[in-house]
Amino acid sequence: MDIRVQEAPFDYGAETARFTDTCAGVGAVVTFCGIVRNDGGAMDAMEIEHYPGMTERALTQIAEEAGQRWSLEGCLILHRYGRMAPGEKIMMVATASRHRADAFAGADFLMDYLKSRAPFWKKEFSGDGAAWVAAKDEDEAALGRWG
Amino acid sequence: MTLEILYFAWLRERIGLSRETVTTDATTVAELVAELRGREERYALAFSDMSAVRVALDQDLSEFDAPLAGVREVAFFPPMTGG
């Protein structure tokens, strides 16, 4: 399990290659990358605040839970905080398993839980000022999928 | 009891602090919130809609009726928006 919370940008290609190499021979690797949306150029930047300590703890718990539910051979969660421009990569997850179903389900689960159970808060900056991103009801509802 | 209280996102902005040390007789999170609300307008404003506030006790998500016995760190924040 590899959990990283950092301000610095990351190299998605290099991280994916390294993770895949580490899991060589496993059979299946699934990756997901979250990117700052460019909603028609309306937004100048996004700032992500987090709760140091609890963030790492929550991500570890979520990854452990995924490992109990599916047969995962590897799991990476990398999430940035701080200021980012549209187009910048915010975070990534990667899962590895012998067969693809576990890796897909594991990555899907990690994303659902990470969105509403890991202590990150997004703030958007535009010409009109700054606004905190409101949590979506559907993100909370998505957790219900996992019982 | 002495507690370290942390505020994040718009709660931090409304209260104007990211953390403070508070000595309190509150036995639950709800009692602590009531005490903070009574302090000053900025606290009353930050805690005016509790459906928009979440709490963590010693870095674990918790509930407002949870007891504070043995707790050292209380964090208040809005619903999380990671990913």
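Each chain gets a letter, A, B and so on, in the order the sequences are listed, and its residues count up from 1. Bear in mind that the values here come from a model prediction, so they are computed numbers and not experimental data.
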When heavy-atom pairs shorter than 4.5 Å are enumerated against chain B, which of His79(A), Gln61(A), Glu47(A), Lys136(A) gives the highest number?
His79(A)
Is it the case that more than 12 heavy atoms not belonging to Arg83(A) sit under 6.0 Å from its CZ atom?
yes
Below 4.5 Å, heavy-atom pairs only: which of Arg117(A), Met92(A), Met111(A) has the largest tally toward chain B?
Arg117(A)
Please check if the number of heavy atoms outside Asp21(A) that lie under 6.0 Å from its CG is greater than 12.
yes
Reference residue Trp121(A); test ring-ring contact (aromatic ring centres under 6.0 Å, His included); the match among Trp10(B), Tyr7(B), Phe8(B)
Phe8(B)
Side chain, backbone, both or neither of Ala58(A) within contact of chain B (heavy atoms, under 4.5 Å)
neither
Shared ILVMFWY cluster between Tyr12(A) and Met91(A), side chains joined below 4.5 angstrom?
no
Joint cluster assignment, Phe32(A) & Leu110(A), ILVMFWY side-chain distance < 4.5 Å
yes
Region of Arg80(A) that comes under 4.5 Å of a non-hydrogen atom in chain B:
neither
Under 4.5 Å from any heavy atom of chain B - which part of Ile48(A):
neither
For chain A, which residues of residues 52-83 of chain B have heavy atoms nearer than 4.5 angstrom
Ala56(B), Asp58(B), Gln59(B), Asp60(B), Leu61(B), Glu73(B), Ala75(B), Phe77(B), Pro78(B), Pro79(B), Met80(B), Thr81(B), Gly82(B), Gly83(B)
How about Arg39(B): does its CZ atom have over 12 heavy atoms from other parts shown lying under 6.0 Å from it?
yes
Using the rule that Ile, Leu, Val, Met, Phe, Trp and Tyr join whenever any side-chain heavy atoms are under 4.5 Å apart, tell me whether Ile15(B) and Leu6(B) fall into a single cluster.
yes
Linking I/L/V/M/F/W/Y whenever their side-chain heavy atoms sit closer than 4.5 Å, directly or via other members, would Phe109(A) and Ile3(A) fall into one cluster?
yes
Whether over 12 other heavy atoms sit under 6.0 Å from Asp49(B) CG
yes
With a 4.5 Å cut-off on side-chain heavy-atom distances among I, L, V, M, F, W and Y, is there a chain of contacts connecting Tyr113(A) to Trp70(A)?
yes
Heavy-atom proximity to chain B below 4.5 Å, by part of Lys123(A):
side chain
If I measure from the heavy atoms of chain B, does Glu140(A) come under 4.5 Å with its side chain, its backbone, both, or neither?
neither
Please say whether more than 12 non-hydrogen atoms of neighbouring residues, nucleotides or ligands are located less than 6.0 Å from CZ in Arg42(B).
yes
